[in-house]
There are 2 protein chains.
Amino acid sequence: MKTGGTRLANEAWEALLSAHARLVKQFAAEDTWHDLSMREYDVLYTLAKNAQPVRIGELHRRVLLSQPALSRLVDRLVERGLLRRLGDPADGRGVHLVLTESGREKQRQIGRQHARSVARAITAELDPAELHQLAIICGKLARRPAQDKEVSGP
Amino acid sequence: MKTGGTRLANEAWEALLSAHARLVKQFAAEDTWHDLSMREYDVLYTLAKNAQPVRIGELHRRVLLSQPALSRLVDRLVERGLLRRLGDPADGRGVHLVLTESGREKQRQIGRQHARSVARAITAELDPAELHQLAIICGKLARRPAQDKEVSGP
DNA sequence: TCAAAGTTCATGCGTTTGCATAGAAACCTA
DNA sequence: TAGGTTTCTATGCAAACGCATGAACTTTGA
């Protein structure tokens, strides 16, 4: 017997896409991004979240951008003094990315304001129980299945 | 005292972003799209869903793309014979978009395969109850809230 | 009724993106 | 350890994008 979740699954996915598009547009329209794009901020945010230096490939897994585009985005951030490329001592191919103090400060500035926007927009529609469910459910969708090879750090 | 859902709201939003990025990447990597991009397919899908002709501005509200970029995306689809521009008889500025039979057929082909992918990917992680909750919650986030009056300064 | 303001879509132009691929380092097998 | 394969990042180049603006049309208000 089929579970028949196909229709429901597609409806859920479409709803997620719509929610994503609506909110991203709303956030993008806000005046919180100083002189960088949301994608650039996303990179700063990811780096700020991790204490350890992050490799470009690792970043590539978290960001919706092709590897060459990400490489060039990093170029720009380096050129602006927000980021530094450091060779990975353990792997000559790899590149570690580290925020400069300036980059960290810019992330904080934007982050504070953006976090408020996010909270305002989302709590306007969802109660705490729904927030919690959404986080749980999207968490399940976000974690990469299969491909279990090595399980090293975060 | 505030309800303090700020942290939870931001966690939920980050989870939604991660889920979105993970799944979009996965779908994009699949060999489903024939000779068009996911954004182009998205436009065909939206047009196929509505029986009535859709105006570009209406489409713009549903798609995460600037208006000029959308206008040119439509150009390309028209040039490929998948779409037609029709003047809106009721508003000389407006443009109605209609799928050609070829465009409708292409949407169906891609859509069938893509819908299966979506169902496979999502039901692998979520049970029916979660699917339902996700659809409900994202539905709330997706619907554009009533545009309240702006309270900008004097 | 008509000029000013607003709306809708298209176009010019510089920037960013993706695809294909190159280059360098690590890995693997004999 | 050499040779082939795989992994990781960068670069050439054409396509696509966003911002600013233009052109055509509608709406508004005196």
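The basis for the numbers below is simple: all heavy atoms, side chains too, and nothing from hydrogens, waters or symmetry mates. Order of the sequence lines sets the chain letters (A, B, ...), proteins ahead of strands, with each chain counted from 1.
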Closest to the [X] side chain, choosing from [options]:
X	options	answer
A:Ala69	C:dG18, D:dT11, D:dG18	C:dG18
A:Val95	D:dA20, D:dT9, D:dT11	D:dT9
B:Ser71	D:dT9, C:dT11, D:dC17	C:dT11
B:Arg55	D:dT7, C:dT8, C:dG18	C:dT8
A:Arg72	C:dT11, D:dC17, C:dT17	C:dT17

Review point. Given D:dC17, is OP1 or OP2 found less than 4.0 Å from the side-chain N or O atoms of A:Arg39?
Key: no

field: Nearest-nucleotide comparison on DNA chain C, the residue closer to the 5′ end among B:His96 and A:Ala90
entry: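 Comparing both residues, the 5'-ward one is B:His96.
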
Check the distance between [N]'s [atom2] and [X]'s [atom1] and give it to me in whole angstrom.
X	N	atom1	atom2	value
B:His60	C:dT7	NE2	P	14 Å
B:Lys25	C:dT17	NZ	C1'	14 Å
B:Leu73	C:dG18	CG	P	15 Å
A:Leu36	C:dT15	CG	P	17 Å
A:Ile56	C:dA25	CD1	P	16 Å
A:Arg76	D:dC17	CZ	C1'	12 Å
B:Leu65	D:dA15	CG	C1'	14 Å
B:Asp42	D:dC17	CG	P	12 Å

Between A:Val43 and the options A:Val54, A:Ile56, A:Leu59, the side chain to side chain contact (heavy atoms under 4.5 Å, CB included) test singles out A:Leu59

Worksheet item: Applying the 4.5 Å side-chain criterion to the ILVMFWY set and letting contacts propagate, would B:Trp13 and A:Met38 be lumped into a single cluster?
Response: yes

| message | Do A:Val118 and A:Val24 land in one hydrophobic cluster if side-chain heavy atoms of ILVMFWY residues count as linked below 4.5 Å? | response |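 A:Val118 clusters together with A:Val24.
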
Worksheet entry | Check: B:Arg93 side chain, D:dG22 base, donor-acceptor under 3.5 Å |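 There is none.
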
| query | Does a side-chain N-to-carboxylate-O contact under 4.0 Å join A:Arg93 and A:Asp88? | reply |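 Looking at A:Asp88 together with A:Arg93, the answer is no, because their closest N to O distance does not fall below 4.0 Å.
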
Donor-acceptor side-chain pairing of B:Tyr45 and B:Glu40 below 3.5 angstrom:
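No - no donor-acceptor pair under 3.5 Å links their side chains.
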
What is the nucleic acid contact for B:Leu70, judged by heavy atoms within less than 4.0 Å: base, sugar-phosphate only, or nothing?
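No contact at all - B:Leu70 keeps every heavy atom at 4.0 Å or more from the nucleic acid.
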
Contact class for B:Asp88 vs. all strands (heavy atom < 4.0 Å): base, sugar-phosphate, or nothing?
nothing

